[in-house]
There are 2 protein chains.
Amino acid sequence: MRTTLPEAFPAHTPAVPQIFTIVLSHGPVTRAEIARRAGVSPAAVTKAVRPLIEAGYLVEEAGEDLPPALGRPANALRVDGGRALFIGVKVTGDSAIAVLTDLRCRIRVTRRASLDDRSPDGVLATTGELVTELLVEAEGFGVQVRGIGFAVSGDVVRTDGTVRYSPFLDWRDVPLGERAAAATGLPVTVENDVRALTVAEQWFGAGAGLTDFALVTVGAGIGCGLVVGGRVVSGAHGVAGEIGHLSIDPTGPPCHCGNRGCVEAIASDPAIVREVRARTGIHVADAAEALALARGGDTAARQVYARAGEAIGRAIGSLVNLLGPERVIISGEGLAAHDLFADRIQDAFTVSAFGTAARCEVSTHPLPFEAWARGAAATAIQSFIGSDSRSGGSGWR
Amino acid sequence: MRTTLPEAFPAHTPAVPQIFTIVLSHGPVTRAEIARRAGVSPAAVTKAVRPLIEAGYLVEEAGEDLPPALGRPANALRVDGGRALFIGVKVTGDSAIAVLTDLRCRIRVTRRASLDDRSPDGVLATTGELVTELLVEAEGFGVQVRGIGFAVSGDVVRTDGTVRYSPFLDWRDVPLGERAAAATGLPVTVENDVRALTVAEQWFGAGAGLTDFALVTVGAGIGCGLVVGGRVVSGAHGVAGEIGHLSIDPTGPPCHCGNRGCVEAIASDPAIVREVRARTGIHVADAAEALALARGGDTAARQVYARAGEAIGRAIGSLVNLLGPERVIISGEGLAAHDLFADRIQDAFTVSAFGTAARCEVSTHPLPFEAWARGAAATAIQSFIGSDSRSGGSGWR
DNA sequence: CTTCTTTCATTGACAACAGAAAAGAATGAA
DNA sequence: TTCATTCTTTTCTGTTGTCAATGAAAGAAG
């Protein structure tokens with residue numbers, strides 16, 4: 001027996017997605033504050049939030065305000081995360097991870113599976129099982145799952161749910177969204193993995209409330225999500241943020257892209273492993289072993305990490321010079337080596353950043369691997385509340 | 001005797017600035033086409049456009065359509081540039097240039113003056129004279145000047161018309177807009193020079209109709225204006241596009257910014273002069289002499305230009321990898337040496353650009369020096385038609 | 001203990017805007 | 001001549017959000 005489900009999201013006035021997003025990312029917030037942030041009248045806020053409160057998506061926060069305030073005390077609003085569930089799926093080259101989140105993108109359940117068959121059929125079969133399991137879990141919460149998001153690395157067309165090209169999966173023009181929607185009967189969003197993670201950070205994470213920031217992910221590859229003027233950058237051809245192929249040193253090691261000295265050819269896990277082997281003569285098997293060697297005090301190995309940090313710092317310097325963001329968030333599995341290169345990143349950045357750009361704050365923000373799947377869920381939430389159509393607006397010309 | 005002046009711009013419906021901008025940058029265009037581009041109904045276009053036609057800002061283009069069309073022939077609209085005039089002023093370290101343009105940003109009159117006194121008072125005096133002369137010229141057209149734009153290099157706060165810091169002028173926190181408005185009684189806009197030029201290109205130039213492009217200016221410095229998602233990028237702290245301080249080579253020549261191998265330390269006019277002197281032993285006085293030497297066949301000098309081209313190309317590659325624009329437009333006085341480094345720019349870009357980013361078209365687009373002042377006028381036009389408030393919109397969070 | 005001030009929230013009237021649908025206009029095709 | 005097609009306009013209608021006034025809930029001031 002399942003409790004009654006709330007109706008579709010009552011986004012019947014255009015300002016609703018904006019207002020809801022403000023409440024979502026700015027915690028409990030008063031109507032007056034919402035009105036100021038959104039640049040609309042308080043009356044408009046009152047009218048917009050009423051249906052949301054009635055539908056249960058927003059609740060009034062009792063008491064706990066900033067006590068010493070003049071005038072009538074404000075009633076803060078917050079999102080009741082429990083009124084809707086979402087599923088986010090991250091697909092890598094050899095595994096899939098899926099999370100069940102609430103409307104506030106808090107992870108409730110996590111499921112993983114290894115991926116033997118990378119073909120579209122194989123991936124759909126594996127992720128389909130994960131999704132089914134999570135849908136069963138969801139029944140325990142008595143709340144319906146309102147959307148599924150997929151995060152895939154590569155060239156993804158969000159608007160039509162197509163994976164144009166994914167090197168890791170060796171996919172070309174796969175209508176993932178369409179197929180997954182057909183299989184599950186639920187709304188499906190498909191987004192590039194880094195952009196999905198960026199959306200999650202923009203709304204719920206270290207980028208909350210910022211209009212200009214960058215998220216740099218360090219690990220098997222070096223990726224980057226950009227938020228400029230409050231909007232996630234997709235580029236004219238759907239590809240952007242390729243910070244991994246910024247060439248830092250024209251005499252640096254060759255990169256698989258054909259250029260030399262790319263950050264990815266210096267600071268990605270494979271590059272580090274390769275370089276540690278070359279410099280120490282020790283055949284480390286993977287990034288973990290290379291890291292252990294460096295932690296053990298091997299000077300040559302430590303130098304490899306130092307060099308990686310410098311490359312990342314310089315690349316971030318370039319990014320900051322170009323875009324002038326307020327913050328750069330470094331994340332990814334590669335942060336395991338944080339202690340070995342964090343200082344180098346900061347130093348190289350400080351040297352590279354020009355003028356006021358140096359005001360940009362560069363910080364590391366470790367994220368568990370589920371965060372990638374959480375990012376996928378965030379895109380599903382975005383779509384559910386009707387925010388994606390708007391924020392993707394043309395900004396005309 | 002002066003003809004009757006049109007009233008203030010009738011932007012009484014929110015869609016007017018957008019629609020007017022479309023007509024402005026897409027030449028004669030039919031209402032149906034406007035509706036498609038703007039994403040509004042044809043009815044809305046009809047209604048929005050009528051007051052503009054009545055006020056004389058738009059006129060119906062007779063006949064000359066694309067002849068072989070089915071159905072009722074369309075009536076194209078175009079902007080009547082002659083119905084309003086604007087003044088654009090570009091201030092450099094040693095001179096000021098001012099242009100009188102029409103509403104379509106076509107230059108009608110140009111005036112220059114050398115700048116002996118760079119203090120705010122001195123600049124206001126000199127530019128004030130230029131503006132006065134142009135206002136006199138404007139009377140000959142029988143049309144009122146509706147706004148003045150200033151373009152200044154450095155950190156400029158457009159919203160309040162303040163020059164926060166301009167190294168060339170040695171200004172800090174100068175309320176240029178306020179003072180100029182008080183002196184002239186006209187609306188004044190103040191914008192960073194590269195961003196102003198970018199606006200002009202976005203509306204009237206090589207970037208017309210593109211949502212993602214970059215304008216790279218080569219000359220005494222290396223600058224860059226960015227348009228991402230249809231909006232000019234200003235960065236969180238008002239500074240962006242510092243492509244000149246992208247470091248291309250960690251072992252390159254030192255730059256005044258403290259880093260090494262910046263594009264500006266390799267490819268700016270002063271850097272080229274310095275390097276040509278060092279390599280040839282010939283004491284060339286300025287960029288023109290260095291250029292003459294290279295054109296004369298001096299191998300060492302030619303290599304300096306080749307290296308400059310490579311640096312620019314690599315920097316553009318970085319930019320394109322990060323932002324994925326549709327086009328990069330190279331301009332500036334430095335293009336005088338176009339024949340000496342254009343190939344190198346293209347080659348270096350092709351090597352640096354990753355994947356689909358390489359689809360980006362890199363083209364040179366020589367602009368006369370007045371173009372900088374024209375950019376300033378473009379910002380005045382933008383402000384006049386009420387487009388700046390909108391396009392600078394928050395895109396929330 | 002009242003009264004004032006301040007801020008937040010709500011209400012109802014109102015104006016503006018955009019969309020839908022239908023009609024009209026102007027052409028080529030059948 | 002009639003039809004099909006496309007562009008443009010008109011009228012109507014519903015939605016949105018602002019305005020201005022009002023109420024609510026506190027602290028501050030006398």
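Quick note on labels: first sequence line is chain A, next is B, and so on, each numbered from 1. As a basis for the values below, the full set of heavy atoms in this structure was taken, side chains included, without hydrogen atoms, waters or symmetry mates. Keep in mind that what you see is a predicted model, and the values were worked out from it rather than measured.
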Separation of [X] atom [atom1] from [N] atom [atom2], in whole Å?
X: B:E61; N: D:dT8; atom1: CD; atom2: P; result: 13 Å
X: A:E33; N: C:dA9; atom1: CD; atom2: C1'; result: 15 Å
X: A:N75; N: D:dA26; atom1: CG; atom2: C1'; result: 12 Å
X: A:R50; N: C:dC8; atom1: CZ; atom2: P; result: 19 Å
X: A:E60; N: D:dA25; atom1: CD; atom2: P; result: 12 Å
X: B:L77; N: D:dC7; atom1: CG; atom2: C1'; result: 12 Å
X: B:R31; N: C:dG19; atom1: CZ; atom2: P; result: 17 Å

Task: Residue B:P42, side-chain heavy atoms: nucleotide from D:dT8, C:dG19, C:dA9 that is nearest - done: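 Within the option list, the nearest is D:dT8.
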Task: Proximity to the side chain of A:A74 - top-ranked nucleotide from C:dA18, C:dA9, C:dT11 - done: C:dA9
Task: For the student: nearest non-hydrogen atoms of B:P10 and B:P51, plus distance - done: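 Answer, listing the atom of B:P10 first, then B:P51: CG-O, 4.0 Å.
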Task: A:E60 atom CD, over 12 foreign heavy atoms within 6.0 Å - done: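 Yes - once you tally the heavy atoms of other residues, nucleotides and ligands closer than 6.0 Å, there are more than 12.
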Task: Over 12 foreign heavy atoms within 6.0 Å of CD, B:E178 - done: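 No, CD of B:E178 has 12 or fewer neighbouring heavy atoms, counting only those of other groups under 6.0 Å.
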Is there a donor-acceptor contact under 3.5 Å from the side chain of [X] to the main chain of [Y]?
X: A:E191; Y: A:R158; result: no
X: A:Q202; Y: A:G230; result: yes
X: B:D212; Y: B:G229; result: yes

Open item on the list: For D:dT10, does the base pair up with any side-chain atom of B:K47 as donor and acceptor (N or O, under 3.5 Å, distance only)?
Closed with: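 Under the 3.5 Å cut-off, the side chain and the base do not form any donor-acceptor pair.
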side-chain N/O [X] vs [N] OP1/OP2, d < 4.0 Å:
X: A:R36; N: C:dT7; value: no
X: B:T13; N: C:dA18; value: yes
X: A:S41; N: D:dG17; value: no

Open item on the list: Any base atoms under 4.0 Å from A:A32, or only sugar-phosphate, or nothing? Heavy atoms, all strands.
Closed with: sugar-phosphate
Check nucleotides 26-29 of chain C against the protein and report each pair of N or O atoms closer than 3.5 Å, with its distance, or say if there are none.
residue: C:dA26; atom: N3; partner: B:R72; partner atom: N; Å: 3.4

Open item on the list: To the closest 0.5 Å, what do you measure between CD1 (B:I22) and CD1 (B:I34)?
Closed with: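 Answer for the CD1-CD1 pair, B:I22 versus B:I34, is 6.5 Å.
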